[in-house]
Amino acid sequence: MIEWDAAKIKAFQTTLLDWYDRAGRDLPWRHDQEPYHVWVSEIMLQQTQVQTVIPYYERFMDWFPTLKALADAPEERLLKAWEGLGYYSRVRNMQRCARQLINDYDGQWPQTAAELTELIGIGPYTAGAIASIAFGEAVPAVDGNAYRVFSRLLEIDADVAKPQTRTVFERAISRIISRERPGDFNQAIMDLGASYMTARQPDSAHSPVKAFNQAYLDGVEAQYPVKTKKPRPVPVAYVAVLATMADRWLMVQRPSTGMLANLWTVPLLAVTDLDLADDATDAELLHAVTTTFTKDYQLTLTDVQLVSGRPVTHTFTHQKWTIRLVRATVQPADLAYFDGRAVTEKQLAALPMPKVQEKVFVRYQAETKDR
DNA sequence: GAGGCGTGGTC
DNA sequence: TGACCAAGCCT
């Protein structure tokens, strides 16, 4: 890691901010410095690309224009607004944070990063982003862009996959950040990280800060940032039960904790819970599905059949699901004890569902048309 | 502090 | 396909 003197720091600030004034992106959440707007955008942008976020942000502001609207929203509507964005605890934590602000802070945002970190769902990065952008506090906002940009500029060799590395970057950036325009400085770093200083195939030769990019000047840019690899997703097998009662689909809500919390899917049975031998036949599978389904949902399945075709696969960060599809019907009288909903096609649209559920429906329709 | 927690895009 | 990446936080 190299050090910059005061003159070089000043020159870097000027170069970076001049470029940002000239070429910074016009994004919907940059039209003002409302902390609510900054906050919503920053939460959406966690692990998510700008192009994906823009339409979600516009709709979110339409549905929940104020902190109070968000605090008062039904969770189903909230999750619907987030449907397809992933990491769904983000939006549930946002509502908890909105209520926290209203109840404990008189509806007023605290204005320092140190205080913002106390709020639910706001960690070191988001606190720095809100404090600098909305309130002008000269604090770093260390995200993936900052790791990428500053590891190259300063040849920082610390492993960015390790939590304690963040403090290394915070200390370095704290010395370099503009005291006059900290919010613009942090956003300029993000724009730089999304344009010239990308993860793959950076274009440092044309970067406005190439003269400050030590790794580039030394021809070792490809080495940065240093990051250890994550383990591969573990395989998990399910059977999806597409069950109807008259013209209604049987849908169940996932538990309030863990993966896809509180989202809706068709009943999913873990194959490990079916107690099947490795060489089990389709008939044995369907029998096990029928008995397990009855035990789990107090419903009797009839006309149980395997939907032909390949299983649906869906890869999460840490799990790879393989889902076989089973079609069945249930008797209306049984629904009294069903812990879920029997919904029409139209009602289905109001339920927040994960992407993997959409894949299951799409596959089912593809397999059953013209039959 | 390692692992849980989504999705879309690129190579 | 699989591997990796993209404005992280929580437990």
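Letters go in sequence order (proteins before strands), and every chain restarts at 1.
Of the possible polar contacts, none joining the A:Arg152 side chain to the A:Ala215 backbone as a donor-acceptor pair under 3.5 Å is found.
The A:Pro163 side chain lies nearest to B:dG1 when the options are B:dC5, B:dT10, B:dG1. Listed candidates were C:dT1, B:dG6, C:dC4. Nearest to the side chain of A:Arg200 is C:dC4.
DNA chain B is contacted by both A:Ala161 and A:Phe316; A:Ala161 maps to the nucleotide lying nearer its 5′ end (nearest heavy atom per residue).
For the segment residues 350-359 of chain A, the set of residues with a heavy atom within less than 4.0 Å of an atom of DNA chain B comprises A:Pro354, A:Lys355, in numerical order. Residues from residues 167-185 of chain A with heavy atoms under 4.0 angstrom of DNA chain C: there are none. Proximity of residues 40-55 of chain A to DNA chain C (heavy atom under 4.0 angstrom from any strand atom) is restricted to A:Glu42, A:Leu45, A:Gln46, A:Gln47, A:Gln49, A:Val50. A heavy atom closer than 4.0 Å to some atom of DNA chain B occurs in A:Gly84, A:Leu85, A:Gly86, A:Tyr87, A:Tyr88, these being the qualifying members of residues 57-93 of chain A. Contacts with DNA chain C (heavy atom under 4.0 Å) in residues 111-143 of chain A: A:Ile120, A:Gly121, A:Ile122, A:Gly123, A:Pro124, A:Tyr125, A:Thr126, A:Asp143, listed by number. Applying a 4.0 Å cut-off to non-hydrogen atoms, the residues of residues 189-198 of chain A that approach DNA chain C are A:Met190, listed by residue number. For the segment residues 17-37 of chain A, residues with any heavy atom less than 4.0 angstrom from an atom of DNA chain C are, sorted by number, A:Arg25, A:Leu27, A:Trp29, A:Arg30.
At a threshold of 4.0 angstrom between heavy atoms, the contacts of A:Gln164 are confined to the sugar-phosphate backbone, with no base atom among them.
Applying the ring-ring contact (aromatic ring centres under 6.0 Å, His included) rule to pairs touching residues 247-280 of chain A yields A:Trp249-A:Phe361, A:Trp249-A:Tyr364, sequence neighbours excluded.
By the 6.0 Å contact criterion, CD on A:Gln164 is enclosed, its count of non-hydrogen atoms from other residues, nucleotides or ligands being greater than 12.
The shortest distance between the side-chain N/O atoms of A:His314 and the OP1/OP2 oxygens of B:dT7 is below 4.0 Å. Taking 4.0 angstrom as the limit, A:His318 places none of its side-chain polar atoms (N or O) nearer than this to OP1 or OP2 of B:dG4. At the phosphate of C:dC5, neither OP1 nor OP2 sits under 4.0 Å from any side-chain N or O atom of A:Lys230. Taking only side-chain nitrogens and oxygens, A:Arg148 comes nearer than 4.0 Å to OP1 or OP2 of C:dA6. In terms of phosphate contacts, A:Gln201 brings a side-chain nitrogen or oxygen within less than 4.0 Å of OP1 or OP2 of B:dC11. Within the 4.0 Å cut-off from OP1 or OP2 of B:dG1, not a single side-chain nitrogen or oxygen of A:Lys162 is found.
Partners of A:Glu284 by side chain to side chain contact (heavy atoms under 4.5 Å, CB included), not counting sequence neighbours, listed by chain and number: A:Leu276, A:Ala280, A:Thr281. In this structure A:Arg363 satisfies the side-chain hydrogen bond (donor to acceptor under 3.5 Å, both in side chains) test with no other residue, sequence neighbours excluded. In this view, A:Asp273 satisfies the side-chain hydrogen bond (donor to acceptor under 3.5 Å, both in side chains) rule with no residue, not counting sequence neighbours.
Relative ring orientation between A:Phe150 and A:Phe185 is described as parallel, the plane-to-plane angle staying below 30° on a 0-90° scale split at 30° and 60°.
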Anything under 3.5 Å between a donor and an acceptor, one on a side chain of residues 129-138 of chain A, the other on a protein residue two or more places apart or in another chain? List them.
residue: A:Ser132; atom: OG; partner: A:Gly128; partner atom: O; Å: 2.8
residue: A:Ser132; atom: OG; partner: A:Ala129; partner atom: O; Å: 3.2
residue: A:Ser132; atom: OG; partner: A:Asn186; partner atom: ND2; Å: 3.0
residue: A:Glu137; atom: OE1; partner: A:Ala113; partner atom: N; Å: 2.8

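Residue A:Arg166 contributes atom CZ, which lies 11 Å from atom P of B:dG1 at whole-angstrom precision. The CD-P distance, from A:Gln100 to C:dC10, rounds to 10 Å in whole Å.
Spacing between B:dG1 and C:dA6 at atom C1', rounded to whole Å, works out to 23 Å. Across the P atoms, C:dT1 and B:dG6 are found 24 Å apart, a figure rounded to whole Å.
Electrostatic pairing of A:Asp21 and A:Arg181 counts as a salt bridge here, judged by a charged N lying under 4.0 Å from a carboxylate O.
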